[in-house]
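Data first, discussion second: the structure below is written as C-alpha cells.
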Amino acid sequence: MAASDRYDPSDSEPRWLKAWLDSGALDPDPSGPGDAYAIAIPPPNVTGALHMGHALNNTIQDVLIRSRRMAGDQVKWICGTDHAGIATQAIVEKDLAQKEGRSRHDLGREAFLERVWEWREEYGGTIIGQLQRLGATLDYGNERFTMDEGYANAVLRVFVDMYEKGYVYRDNYMVNWDTGLGSAISDLEVEDREVLDTLVEIAYPLSSGEGELVVATVRPETMLGDTAVAVNPDDERYGHLIGQTCVLPLVGRELPIIGDDYVDPEFGTGALKVTPAHDPNDFEMGKRHGLEAISVIGEDGAMTDAVPERYRGLPAAECQARVTEELRAAGVLRGEEPYTHTVPFSHRSGARVEPLISLQWFADMTQLAQPAIAAVEDGRVRFTPERWGDVYLAWMREIRPWCLSRQLWWGHQLPVWYRGDEIYVGVDGPEGDGWVRDEDVLDTWFSSGLWPFATLGWPEATPELERFYPNQVLSTARDIIFLWVARMVMMGLEYLGEVPFSEVYIHSVIQAPDGRRMSKSLGTGIDPVEVIDEHGADALRFGLLMMSSAQDVRFNHERVAQGRQLVTKLWNASRLVVERGGTPGPCPTPQKLADRWMASRLTAAIEESESLVREFDFSRQADLLYHLIFDEFADWYLELLKAGEATPQVAGPLLEQLLALAHPQLPFVTEECWHMLSGSDELMLTHASASPPASRDAEAEATIEGFQELVTSLRSYKSEHGLARRDRIEVRLEAGEGVWSPPDGLAGLVNAEMAEVGEGAHVVPASFGSILVLPPEIDMQAERARLDAAITAAEKELARAEKQLGNEQFVSRAPAELVEAERDKAARYTSELKTLRAQLAAAGGK
RNA sequence: GGGCGGUUAGCUCAGCGGUAGAGCACCUGCCUUACAAGCAGGGGGCCGGCAGUUCAAAUCUGUCACCGCCCA
C-alpha cells in the first residue's frame, strides 16, 4: 500500500492546528452576532505539564466549544495559567538548590522572585503548547495569568473590599502548619494518612493526693502545653472528679478536670489530656471552657520558651523522646503500645502537619456562602452528575474560616502594612513613613476564585466582561469543588451579582490501568503527549471520551486504539465517496432507498447527539458516532453505494454532514476529510453544525432493516456451510414480498441472486417470513447441524413465551401491548418450528 | 465516626423495571481494487451474597461482604 493511502496524523495535525490558530476564529468578537458562549479553562499550573486529567477535561471543553462555534455562537474559551504559589515556588527552590546549592533565603525575596519570573518565561509555555497538540481551540491570543498586572489588581481589590466589609480579619487561630514549607496551609490542602505511632499512657496524680487519672497520647511532648484533663460527664468512673484538679507531671501545673461530651468514654482510658494550642479538637474544647492555650511548639518545629528550661529549643521529636524518658523515670508512664491512626500531612510538601496557633489572615465565608448555597438550591448553578451538587452544599453549609495567608514569597503579597499597632489595608499602600508591608502572600485559590471575571478585565467594565460573564459551563475535576468551584460561585455572586456559570460538569477521574492513582511520583502516569505522538490527537480524544463516565475509570489503551481505527475508517470512507464523485453541498431529496435510509439515520444521529451533549454524556455520544460511522455509513451505506444502490450526489452531502457531526470529537481528521471532499479553503472549524439532511423516514428505515436481516442471514448461512464469499447462491423469499432485495445489492453484499428456487431448497427463518436458499453444493451434515441449532433456539424461545402466556397474572396485569407481543412471538416460533422440522426431516434428520 | 460511589463477558466499561450490551481479547473463514490499522461469521455472562416488593428485578427496598473516594 502506498504511503499516501494511509492517514498520517503526524502530518495532518500540525497543518490544521496552524490553520485554526491563523483563522482568527478562536478570538471572538464581543460585539459580534450570535449567542455568547464562554468557558473558562481551569488554569493549569504555569510550570506544569499536561497530564491525562487535563487531556480529558480539555477534550470535553473543546467538544462543547467547537459544537457551539459551529452552531454560530460567539464563542470564547478563556485561556490562561495559574501562578500556583506553593508548587511553583517549590520547583524553583529545588532547581536553585540543585544547581547552585542555595536557598531562597540566600538570594533574598526580590532576587528570588525575579528568578521565578524567569522560570515562568522559560517553562511557562509548555502546557499551552501541549493543549494545542490536543487540538484545544482556546483563545490563545488573549492568554491570562493569575499574576499579570490587571489580574493582580483585581485580587488586591477584592482582598481590600472583603477587609472593609469585615469578612477578612487577622487572628490568632489554630492553623495547619506545614513544617516542610514553613507556612500555614488551608484545611483543604491537608490529607490524612495512616501512621504507626506509639500510644503512651501517662498518669496525672490528683491534687487531692488520692488517686490518679491516666491519659493516652501519641504526642507526649505536647503534655507540656496541657491546660486541662477532660472526661465525659456521664462517665461513672470519673464524673465525680469534675471540678477537682490534677497535677501535670514534669511541669507541676495544676490542671482543672473538666466535663465535656466530646470525650468518648469507650476510647482509651476515658480521660483526655487537653492541649488547646496543638490539637484542633482541644482548641475548640479550650474555647468552650475558657482554657488557656499554651503554645509549646513553635513555627520552627522546636519547643518554645513556654516549657521548662531543659526542653527549650529542642526539636519536637527530640523533646518527645526526652519527655517519655523522664515520665518513665518519674514512674508515671503507665503503658506504651503501637498504635495506628490517621494524622494530617501536607498535600504539598508531604510533611506532617503540626497544628498550632498562629497569627494569620482569615476570611469568614459564612455570609458569602449564603447566596452561593441558594444559587445551587434554586438551580441557577446545576451540577452534572447531580450528586456533586449535594457535596458542594454539604460543605458550604458548614463552611469554616479560610486561612488566607501563606508564608511564601511567590504570590500576591498581602496589601497590608503595619506601623506599630496601626494596620493599613489598601491597594495602593499607605502614605507616610515607617510602614512595613506584611510579607505573606495570599492562598493561590484566592486569586483562582476570581478567574471567570478577572480574566475578562474586571474590575474594568470591558466589552468582554459584558458579553462573556457569566460563562456557560465549567468543566473540572471533583477534587477542587471546594477549593475552586465553591469559591468562584461565592466571589462571582459577591462581585458581579451573578453566578459565574450555570452548568458545572464534573468529569471522571482517569486512573492508571491497574487502578492506582495516576501520578508522577508513583510512576503510574501516562503522558498524553506520548499517546498523541503514537496514535494522533483524535484517537486520544475519542478514547478519553469513550472512557469517561460518571465514575472513576481506568485508562484503557484499547479505547485509544478504537479511536485510531475510527479515524482511519472515516478517512477511507471519505476517500471512497470522493472517488465515486461525491461533492459537498445541500442534500438533494433522496430518491433511492439506501440514500433515504442513510439520510434518515444521520438525521436521527444528529438529533441524538445534540441531546447527549446537552446532558454531558460524552461517552455515549462517542459510541453513537463510532457505530454511525462503522456500522451504518461504512458497512451498509457505502457497500450499497458500491453496489450502485445509492448515489454519489447524495453520498457527498451526507458525508459533509457526517464530518460536521464528528468534528468536535475528531477535529483533525474531519478537517482533512472535509478538504478532500470540498477542495475548498473553508475550515470545518467554522463550518455550520451538522443539520438534518432529511426528516426521519420510517419506511426506508424499516425496509433497510429487513434487507439487513436478509443479508445477515445469508452471510451467516454461507459461513455455517463453509461457503466462500465467491460461492454464488440462489434465494427466494417467502411471505416476504415487501422486503427490499435489489439484485445488485444482494450480489454485491453476499453474492446471492434472487431466483426461482424449488425442490431441495433450504429454509432460513426470518422475521418477515422465510428465505429459501439453494446453495451450489449441499453439505447435508452441516445443514442438519444448522437446523438442529435453529430448532433448539426456537423451542427455547417458544417455551419462554408460552410460560409467560400461561401466567394468568402476567396476562391480566402486564400492559396489553406486551401481552400481545408475546402472543405474536409464540405464533411466529410455532410456525417457524414447523418449517424447520420439516426441513430437518427432508435433510435426512429426525 | 458520618457520607458518597462501585461490584455486569477474560479485560475496560455501558445499561438502571419488560427475553443481557459495546470495545478489546478469543475462535472460524476471507488479500471482496476505500480501508488487513481491514471484511464476514461465531463462542463466551446464576449482572457480588442473602432476603423482600412486583405479573415481571442486573435495574426498586433492606441487609451483609469486599473495593475506592470524600468529610470529621
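Numbers restart at 1 for each chain; the letters A, B, ... are given by sequence-line order, proteins then strands.
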For atom CZ of R6(A) and atom P of A37(B), their distance in whole Å
6 Å

In whole Å, I'd like the distance from the CD atom of Q551(A) to the P atom of U12(B).
12 Å

Salt bridge between R554(A) and D514(A), side-chain N to carboxylate O under 4.0 Å?
no

Charged N-O contact under 4.0 Å between E797(A) and K825(A)
no

Across the strands shown, which category fits P815(A) at heavy-atom distances under 4.0 angstrom: base, sugar-phosphate, nothing?
base

When the C1' atoms of A14(B) and A22(B) are considered, how many whole Å apart are they?
7 Å

Contact class for F542(A) (heavy atom, under 4.0 Å): base, sugar-phosphate, or nothing?
nothing

Every protein N/O lying under 3.5 Å from an N/O of nucleotides 69-72 of chain B:
residue: A72(B); atom: OP1; partner: R400(A); partner atom: NH1; Å: 3.2

Of the candidate nucleotides U12(B), A40(B), G18(B), which contains the atom at the shortest distance from the side chain of R715(A)?
A40(B)

Does F618(A) have its ring centroid less than 6.0 Å away from the ring centroid of F542(A)?
no

What does R564(A) touch in the nucleic acid at a heavy-atom separation under 4.0 angstrom: a base, only the sugar-phosphate, or nothing?
base

Test: E802(A) and R823(A) ion pair at under 4.0 Å:
no

Not counting sequence neighbours, which residues clear side-chain hydrogen bond (donor to acceptor under 3.5 Å, both in side chains) with R352(A)? List them please.
D197(A)

Nearest whole Å is fine: how far is G23(B) C1' from L624(A) CG?
15 Å

Counting any heavy atom closer than 4.0 Å, what does K718(A) reach on the DNA or RNA strands: base, sugar-phosphate only, or nothing?
nothing

Between C35(B) (P) and L566(A) (CG): distance, integer Å:
18 Å

What is the distance from CZ of R397(A) to P of G3(B), rounded to the nearest Å?
16 Å

Could K642(A) and D744(A) be called an ion pair, given the rule that one side-chain N must be under 4.0 Å from one carboxylate O?
no

Quick one: is the NZ or CZ of R575(A) closer than 6.0 Å to the six-membered ring centre of W674(A), and within 45° of its axis?
no

Please report, rounded to the nearest Å, how far the P atom of A34(B) is from the CD atom of E579(A).
6 Å

Expressed as a whole number of angstroms, how long is the span from L714(A):CG to A40(B):P?
15 Å

